[in-house]
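Here the structure is laid out as structure tokens; the discussion comes afterwards.
When reading the values below, keep in mind they use all heavy atoms of this one structure, side chains included, and skip hydrogens, waters and symmetry mates. Each chain gets a letter, A, B and so on, in the order its sequence line appears, and its residues count up from 1.
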There are 2 protein chains.
Amino acid sequence: MFSIGQLSKATGVKVPTIRYYEEIGLLPEPGRNAGNQRRYGQDGMDALGFIKHARDLGFSLEDIKALMGLDGHLGDDCAEADRIARSQLANVRDRIRKLRQLASELERISHLCDGGNGGCCKVLTALGDHSQCAGEHE
Amino acid sequence: MFSIGQLSKATGVKVPTIRYYEEIGLLPEPGRNAGNQRRYGQDGMDALGFIKHARDLGFSLEDIKALMGLDGHLGDDCAEADRIARSQLANVRDRIRKLRQLASELERISHLCDGGNGGCCKVLTALGDHSQCAGEHE
DNA sequence: TCTTGATGCTCTAGTGACTAGAGGCCCTAC
DNA sequence: GTAGGGCCTCTAGTCACTAGAGCATCAAGA
């Protein structure tokens with residue numbers, strides 16, 4: 001049996017966050033000891049590990065709830081789990097694409113200040129004027 | 001003079017968002033007409049354009065507030081504007097790096113389901129087990 | 001056994017950047 | 001004059017936590 005603090009250390013999820021996951025129904029309510037403190041078994045550890053990993057991969061708590069719901073009847077809903085994973089992948093790729101455009105524009109803006117005091121300060125002007133941007137962003 | 005709705009259409013910032021920016025002191029309070037409705041001049045339009053563009057570039061409202069504060073005394077604080085822009089660039093690059101790792105892991109996980117029913121369903125298992133991951137993420 | 005300090009408990013409120021809705025007032029065009 | 005769209009304020013909700021208050025419990029050492 002693990003205390004909430006041990007669970008936290010083992011998974012890297014902070015204590016208040018664990019209680020929050022329980023509150024919103026993501027993590028099943030564990031048993032309590034005589035002093036009303038939470039006591040977790042291996043299943044609680046596994047569930048929290050699943051959540052942590054999926055969160056690190058950028059899944060929303062809503063998605064994770066759906067994924068965990070599938071866990072009971074795996075065979076049938078493999079397609080559903082796959083769908084969620086693929087949609088998350090598309091999401092991540094889209095974010096990368098947008099961020100690349102932002103980075104290139106920020107580079108352009110930063111270079112305006114390279115010469116020291118000479119061409120300064122075009123940074124604020126560039127930020128105020130989208131028409132100077134090479135491509136579309138957002 | 002523009003109404004809040006006209007400003008919204010021109011800049012692409014939603015009406016409640018404009019009021020929100022005013023509430024938090026990012027956008028200066030405009031004048032009002034006889035019926036207590038906001039009326040903006042070109043300066044309001046420019047300020048909102050600046051905010052919009054900087055938001056699209058991923059700057060926080062806090063950063064934008066700092067950037068706009070510099071506007072009055074540009075010469076001196078070019079260095080500060082440049083510092084904020086560069087730190088934002090570093091930030092974006094870091095997010096891209098992390099997202100690339102996530103994408104590659106998500107690709108790996110998605111491929112587990114490629115064969116249809118054969119190897120199904122490893123997706124949920126993979127999500128639950130970080131030790132299967134090739135690299136570090138987050 | 002007693003004490004001490006870490007850990008645990010519940011509850012409320014705050015974060016950032018909005019978004020939604022209620023209930024009412026104003027403006028413009030017909 | 002009236003219809004309907006736009007505008008007003010205010011409150012509360014979103015997501016995924018985070019912080020703090022004020023108190024109870026636990027484990028280890030004296």
Side-chain angles (χ1 to χ4, degrees), chain A residues 1-27 29-40 44-45 47-48 50-68 84 88 91-92 95 98 102 138, chain B residues 1-27 29-40 44 47-48 50-68 84 87-88 91-92 95 98 102 138:
Chain A
M1 288 303 218
F2 314 105
S3 70
I4 197 169
Q6 290 171 322
L7 211 67
S8 168
K9 257 187 197 149
T11 58
V13 179
K14 289 182 189 161
V15 168
T17 305
I18 297 175
R19 285 197 277 251
Y20 169 72
Y21 287 162
E22 179 186 324
E23 189 191 323
I24 62 169
L26 193 58
L27 204 57
E29 289 188 30
R32 304 277 181 140
N33 72 357
N36 196 35
Q37 299 192 350
R38 290 167 180 83
R39 287 296 175 263
Y40 298 87
M45 183 74 89
L48 190 56
F50 180 93
I51 295 170
K52 173 69 161 64
H53 195 202
R55 281 297 293 145
D56 284 349
L57 289 171
F59 289 86
S60 71
L61 296 185
E62 209 49 48
D63 275 345
I64 296 172
K65 208 177 264 185
L67 285 168
M68 291 179 85
I84 294 177
Q88 177 61 11
N91 201 327
V92 168
R95 272 153 69 198
K98 279 187 185 146
L102 298 192
E138 278 300 84
Chain B
M1 287 302 221
F2 314 105
S3 72
I4 197 168
Q6 290 170 322
L7 211 66
S8 168
K9 257 187 197 150
T11 59
V13 179
K14 288 182 189 161
V15 168
T17 305
I18 297 175
R19 286 198 275 251
Y20 170 71
Y21 288 163
E22 180 185 324
E23 188 191 325
I24 64 170
L26 193 58
L27 204 56
E29 290 187 31
R32 304 277 180 139
N33 71 357
N36 196 35
Q37 300 193 349
R38 290 166 179 82
R39 287 296 176 262
Y40 297 87
L48 190 57
F50 180 93
I51 295 170
K52 174 67 161 63
H53 194 202
R55 281 297 294 144
D56 284 349
L57 289 170
F59 288 86
S60 71
L61 295 186
E62 209 49 50
D63 276 345
I64 295 172
K65 208 178 262 185
L67 286 168
M68 292 179 82
I84 295 176
S87 113
Q88 176 60 13
N91 201 326
V92 168
R95 273 153 69 199
K98 280 187 183 142
L102 298 193
E138 276 302 81

Give every donor-acceptor pair under 3.5 Å between a side-chain atom in residues 9-18 of chain B and any protein atom, sequence neighbours left out.
from, atom 1, to, atom 2, distance (Å)
B/T11, OG1, B/L7, O, 2.8
B/T11, OG1, B/V13, N, 3.3

* B/Q37: side chain to side chain contact (heavy atoms under 4.5 Å, CB included) partners, not counting sequence neighbours ->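 Expected list: B/N33, B/R39.
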* **Footprint string (nucleotides 4-20 of chain D, 5' to 3'): B base within contact, S backbone only, - free, heavy atoms under 4.0 Å** => --BSSB------BBS--
* **Rounded distance (nearest 0.5 Å) linking atom CG of A/L27 with atom CZ of A/R38** =>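 These two atoms lie 9.5 Å from each other.
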* Residue pair A/R55 / A/L61: nearest heavy atoms and the distance that separates them ->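 Closest heavy-atom pair between A/R55 and A/L61: CD-CD2, 3.4 Å.
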* Kindly give the heavy-atom pair with the smallest separation between A/Q6 and A/M1, and that separation in Å. =>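 Closest heavy-atom pair between A/Q6 and A/M1: OE1-O, 3.9 Å.
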* Asked: Expressed in angstrom and rounded to an integer, what is the separation of A/L7 atom CG from C/dG8 atom C1'?
  ->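 Roughly 14 Å, once rounded to whole Å.
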